[in-house]
Amino acid sequence: MNTPRHPQVAIVTGASRGIGAAVAQRLARDGFAVAVNYASGSAQADALVAELTAAGARAIAVQADVANAEEVRRMFDTVEAQLGRIDVLVNNAGVLKTVPLAEHTDALYDQTFDINVRGTFNTLREAATRLNEGGRIVNFSSTTLALNMPGYAIYNATKAAVEAFTHVFAKELRGRDITVNAVAPGPIATSLFLDGKTEEQIQAFAKMPPLQRLGQPEDIASVVSFLAGPDAGWVNGQILRANGGVA
Ligand code: NAP
């Protein structure tokens, strides 16, 4: 029997802070060489890389706006040149502004779709030809898709697109021995969730799940670690909600 090669090199998009930073830390602990992608947070990405390197991991920071196909291509080139061919792609980069649909501007609509949908499309397209056999792709959806709360129409639409990519792309990669799954977090205590909310609103979200707390970035990093690791080899084309039981 052939023993599958343990994946070695991972790219985590949007890893300068929030969930992505926790994913990069966890994958580095799991033994991956990690590319920490960021858009503008170079100081945070550099600090994270310094921390990972000090702990004995191989890590680099790579600037690329995931919404820009050429920058994404260059990011893959850089990672291949500096860390080697890629085994794991984590499509974590994403933005959220909760605005009622009727008040959404064209610019905000474009930005949300460009980063959440086109950004995921850009990296998946590169991954189709550049990921090693035995590789893993983990996309990011959101539990908000199941909650249908006011203010989330555009964001949820982008995450519905990501879920559609996940199901179809898993099938299009037939024969490559690459799994494609998505994690759909509930509320996680990062700036994406916390910014612009009152303490009262935050507490209301924290009380929603039967586990009665907000999720932490590490709660999601462990799910990504599972999907990227050896134990999830038979999980493919799935959306895994991680939300303390909220939906
Ligand atoms: P966050 O704290 O706001 O961090 C977002 C990260 O994405 C940052 O590292 C940011 O980098 C990066 N980023 C933004 N635009 C980018 C672009 N165009 N290209 C490359 N990187 C970009 O967000 P988070 O809460 O960790 O969210 C991570 C993912 O989880 C998102 O896909 C989000 O939709 C999903 N999610 C979050 C929650 C939650 O409650 N937090 C719930 C469900 C799903 P810079 O600092 O360089 O801009």
Side-chain angles (χ1 to χ4, degrees), residues 11-26 34-49 61-76 89-98 108 110-123 138-147 149 151-152 154-163 165-166 182-197 201-202 204-206 208-209 213-221 223-224 239-244 246-247:
I11 298 190
V12 185
T13 68
S16 51
R17 55 194 166 85
I19 296 170
V23 169
Q25 285 166 324
R26 177 58 195 262
V34 180
V36 172
N37 160 254
Y38 64 96
S40 59
S42 67
Q44 285 167 299
D46 287 345
L48 178 57
V49 165
V62 197
Q63 196 280 333
D65 174 356
V66 292
N68 182 309
E70 191 45 46
E71 291 185 23
V72 166
R73 229 168 269 134
R74 275 207 303 273
M75 171 173 75
F76 273 73
L89 165 66
V90 182
N91 271 319
N92 163 82
V95 288
L96 162 67
K97 291 273 181 302
T98 47
L108 183 55
D110 286 346
Q111 186 203 35
T112 309
F113 268 85
D114 273 351
I115 296 174
N116 296 5
V117 183
R118 188 185 293 280
T120 301
F121 161 68
N122 282 336
T123 58
V138 182
N139 293 327
F140 265 71
S141 179
S142 172
T143 287
T144 56
L145 199 46
L147 299 175
M149 292 178 296
Y152 286 79
I154 306 306
Y155 178 74
N156 283 0
T158 68
K159 295 304 188 181
V162 169
E163 292 200 4
F165 289 170
T166 303
V183 59
I188 305 293
T190 67
S191 57
L192 177 139
F193 167 77
L194 297 168
D195 288 359
K197 292 195 176 69
Q201 288 170 321
I202 292 167
F205 273 100
M208 280 166 75
R213 65 171 176 84
L214 286 182
Q216 295 300 320
E218 293 71 23
D219 290 318
I220 303 306
V223 177
V224 174
I239 314 298
L240 184 39
R241 286 191 192 148
N243 55 33
V246 81

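Just so it is clear, the values below take in all heavy atoms, side chains as well, and ignore hydrogens, waters and symmetry mates. As the structure lists them, so they are numbered: ligands from 1, and atoms in each ligand from 1.
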(request) Using a cut-off of 6.0 Å, state whether more than 12 heavy atoms not belonging to Arg118 lie near its atom CZ. (result) no

Can you give me every donor-acceptor pair (side chain of residues 12-23, partner residue at least two apart or in another chain, under 3.5 Å) with its distance?
{"unit_1": "Thr13", "atom_1": "OG1", "unit_2": "Val90", "atom_2": "O", "d": "3.3"}
{"unit_1": "Thr13", "atom_1": "OG1", "unit_2": "Asn92", "atom_2": "N", "d": "2.9"}
{"unit_1": "Thr13", "atom_1": "OG1", "unit_2": "Ala93", "atom_2": "N", "d": "2.9"}
{"unit_1": "Arg17", "atom_1": "NH1", "unit_2": "Ser191", "atom_2": "OG", "d": "3.1"}

(request) With sequence neighbours left out, write down each residue that passes side-chain contact (heavy atoms from CB on, under 4.5 Å) with Ser42, or none if nothing qualifies. (result) Tyr38

(request) Please step through side chain to side chain donor-acceptor pair (under 3.5 Å) for the pair Asn139 and Thr120, ending with a clear verdict. (result) CA-CA 8 Å; Asn139 293 327; Thr120 301; 5.4 Å; no

(request) Output all residues satisfying side-chain contact (heavy atoms from CB on, under 4.5 Å) with Ala189, sequence neighbours left out; order by chain, then residue number. (result) Leu194, Leu214, Gln216

(request) Could you name the protein residues that come within less than 4.0 Å of ligand 1, counting only heavy atoms, and order them by chain and residue number? (result) Gly14, Ala15, Ser16, Arg17, Gly18, Ile19, Asn37, Tyr38, Ala39, Ser40, Gly41, Ala64, Asp65, Val66, Asn92, Ala93, Gly94, Ile115, Phe140, Ser141, Ser142, Tyr155, Lys159, Pro185, Gly186, Pro187, Ile188, Thr190, Ser191, Leu192, Phe193

(message) If you apply the rule side chain to side chain contact (heavy atoms under 4.5 Å, CB included), what do you find for Phe140 with Asn91, and how did you get there?
(response) CA-CA 6 Å; Phe140 265 71; Asn91 271 319; 5.6 Å; no

